[in-house]
Number of protein chains: 2
Amino acid sequence: MNTKTLCLSILHFGEKSGYDIKKLCSDGYFKHFVEISLASIYPTLAKLEKEGLVTSRVEYQVGKPSRKIYALNEKGSENLNLQLQEPPSPDKHISEFLLLMKCCHLLAPERISKLIDERLAYYEKEISLIDECYDEFPEGELPAGSKFVLGYGHVVYKAVHDYVSSNRSMLETATGH
Amino acid sequence: MNTKTLCLSILHFGEKSGYDIKKLCSDGYFKHFVEISLASIYPTLAKLEKEGLVTSRVEYQVGKPSRKIYALNEKGSENLNLQLQEPPSPDKHISEFLLLMKCCHLLAPERISKLIDERLAYYEKEISLIDECYDEFPEGELPAGSKFVLGYGHVVYKAVHDYVSSNRSMLETATGH
DNA sequence: GTTCACATGTAACAGGTTACATGATTGG
DNA sequence: CCAATCATGTAACCTGTTACATGTGAAC
């Protein structure tokens, strides 16, 4: 995933600071399908401004550091539309947890149980975070795309939670060492 | 995910060439939770051999290029066990498809429909690939970890397939431009 | 007191990818 | 004939991360 396109598509939902973008990707609406760090956001936003795709203004705050707020302009909007015409590259999913489970015969049974407990807790947390996102919008006002994506995340976490809790014995009783 | 640990854990399931490892990660049993390219596998295997964690032998073939087959030795096995004691880092999931769906109001309805059709076909393909993996092993002989991980992938693809096919209208009828 | 959240930015480094280089055989 | 599969490996490049630098206010 191209960092520039990601920033443009997030800005398209409204003007934001680099810090805002990071929060959205780490905790908010974009959380479960993107990855980005602050150290790549700031230079990217600066580049986008230099290229004339976004504009920035500084918002002074009392007691807090100033925020540099970026907004998409027409050229940026056009550029985004162009980028979105390209076919999406395949999903990337990397899970050390699954690698560990695949190697369960090398793990102590107590460790497996602990890892699974933590995993289930993690799924539950993600589900409640998604539910919180729904609650932020009044009935029917959540955009279709956002609703679809939140629902997608929800069914994934629900399905794997069910699967892991019903099939954990498969791993916990494996004749390991 | 550490490339060295990944190679060691795959080799732990049996001796393999770099090419074999790539195939396993791209099409086989490790497919849906790891990412690795040949250009990082070969140098990693060479490094592992230099460090004395694996041994290699060359297998000559008629009509095909020779294969360099690597096997885990005791030191490598110990090293792997040590690595597996570390807590797994959080899953990484990146999906340009979901970003596109989130931005559905910027896409033509026909494009959305086409993207969804392709997506559903992709899920179906993944499910049948997983089923093929099951079939490779005779009844009951698939190791617990592998079975668990395959089942995990299966429920994910099944859940998202169901979700996308039942909720596609949410995006296709979105008042875009 | 100390850690966390807010807030932006740079520099050094690590990691992995794309493209290149090579070459035989098989299938369409 | 051309593309694909098998098979290994290197070099140049790019991108993104960790760590650093700086500073306030709130909460514990």
Side-chain angles (χ1 to χ4, degrees), chain A residues 1-8 10-11 15-28 30 34-51 54-71 83 86 89-94 96, chain B residues 1-8 10-11 15-28 30 33-50 54-71 83 86 89-94 96:
Chain A
M1 165 103 56
N2 186 306
T3 306
K4 274 188 193 177
T5 313
L6 179 56
C7 287
L8 290 177
I10 293 177
L11 287 178
E15 48 171 39
K16 276 166 193 70
S17 69
Y19 198 81
D20 289 337
I21 292 176
K22 173 61 185 164
K23 271 194 300 175
L24 273 175
C25 294
S26 301
D27 317 305
F30 292 82
V34 298
E35 283 272 330
I36 196 164
S37 85
L38 273 177
S40 66
I41 291 172
Y42 289 125
T44 300
L45 289 172
K47 257 180 249 163
L48 287 172
E49 188 172 23
K50 214 168 159 187
E51 292 169 17
V54 300
T55 54
S56 77
R57 63 183 172 83
V58 175
E59 197 181 84
Y60 297 95
Q61 298 183 123
V62 269
K64 284 182 198 172
S66 304
R67 290 155 49 79
K68 197 163 169 186
I69 300 185
Y70 291 88
Q83 303 282 173
E86 297 206 1
S89 54
D91 283 23
K92 196 174 284 189
H93 185 230
I94 291 153
E96 287 193 11
Chain B
M1 167 100 59
N2 186 306
T3 307
K4 274 189 194 175
T5 313
L6 178 56
C7 287
L8 290 176
I10 293 177
L11 287 179
E15 49 170 38
K16 276 167 194 70
S17 70
Y19 198 81
D20 289 337
I21 292 176
K22 174 61 185 162
K23 270 194 300 175
L24 274 175
C25 294
S26 302
D27 318 304
F30 292 82
F33 57 98
V34 298
E35 283 272 332
I36 197 165
S37 84
L38 274 176
S40 66
I41 291 172
Y42 289 125
T44 300
L45 289 172
K47 256 179 250 164
L48 287 172
E49 188 172 23
K50 214 169 159 186
V54 299
T55 54
S56 76
R57 64 183 171 84
V58 176
E59 197 182 83
Y60 296 94
Q61 299 183 121
V62 270
K64 284 181 196 171
S66 304
R67 289 155 50 78
K68 198 163 169 185
I69 299 185
Y70 291 87
Q83 304 281 172
E86 297 206 2
S89 54
D91 284 24
K92 195 173 286 191
H93 185 230
I94 291 152
E96 287 194 11

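What you see below is based on every heavy atom in this structure, not just the backbone, and it leaves out hydrogens, waters and symmetry mates. All chains are named by letter (A, B, ...) in the order of the sequence lines, taking the proteins before the strands, and each is independently numbered beginning at 1.
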Whole-Å gap separating C1' (D:dC6) and OH (B:Tyr19): 5 Å
Rounded to whole Å, the NZ-P distance (B:Lys68 to D:dT8) equals 9 Å
Indicate whether OP1 or OP2 belonging to C:dT8 is found under 4.0 Å from a side-chain N or O atom of A:Ser17. yes
Atom-pair distance (CD on A:Gln61; C1' on D:dT24), nearest Å: 11 Å
Round to a whole Å and report the spacing from CG of B:Asp20 to P of D:dT5. 16 Å
Could you tell me the separation between the CG atom of B:Leu24 and the CZ atom of B:Phe30, rounded to the nearest 0.5 Å? 6.0 Å
Does A:Glu86 have more than 12 heavy atoms from other residues, nucleotides or ligands lying within 6.0 Å of its CD? no
Contact check, side chains of A:Ile21 and A:Leu11, non-hydrogen atoms, under 4.5 Å: yes
Minimum-distance nucleotide to B:Tyr42 side chain [options: D:dC6, C:dC6, D:dG9]: D:dG9
Using nucleotides 11-21 of chain C, report all nitrogen or oxygen pairs with the protein that are shorter than 3.5 Å.
residue: C:dG16; atom: OP1; partner: B:Thr3; partner atom: OG1; Å: 2.2
residue: C:dG16; atom: OP2; partner: B:Thr3; partner atom: OG1; Å: 3.4
residue: C:dT17; atom: OP2; partner: B:Ser37; partner atom: N; Å: 3.4
residue: C:dT17; atom: OP2; partner: B:Ser37; partner atom: OG; Å: 2.6

Spacing between A:Leu24 atom CG and C:dA7 atom P, to the nearest angstrom: 13 Å
Drop me the distance from B:Thr5's OG1 to B:Gln83's CD, to the nearest 0.5 angstrom. 3.5 Å
Here the distance between atom C1' of C:dA5 and atom NZ of A:Lys22, to the nearest Å, is 14 Å
Could you tell me how far apart A:Arg67 (CZ) and C:dC6 (C1') are, to the nearest whole angstrom? 9 Å
Looking only at atom types and distance, does a side-chain atom of B:Glu96 sit under 3.5 Å from a main-chain N or O of A:Ser89, one as donor and one as acceptor? yes
Main chain of B:Ser37, side chain of B:Ser40: is a donor-acceptor contact present, judged purely on distance under 3.5 Å? yes
Atom-pair distance (CG on B:Leu48; C1' on D:dG9), nearest Å: 16 Å
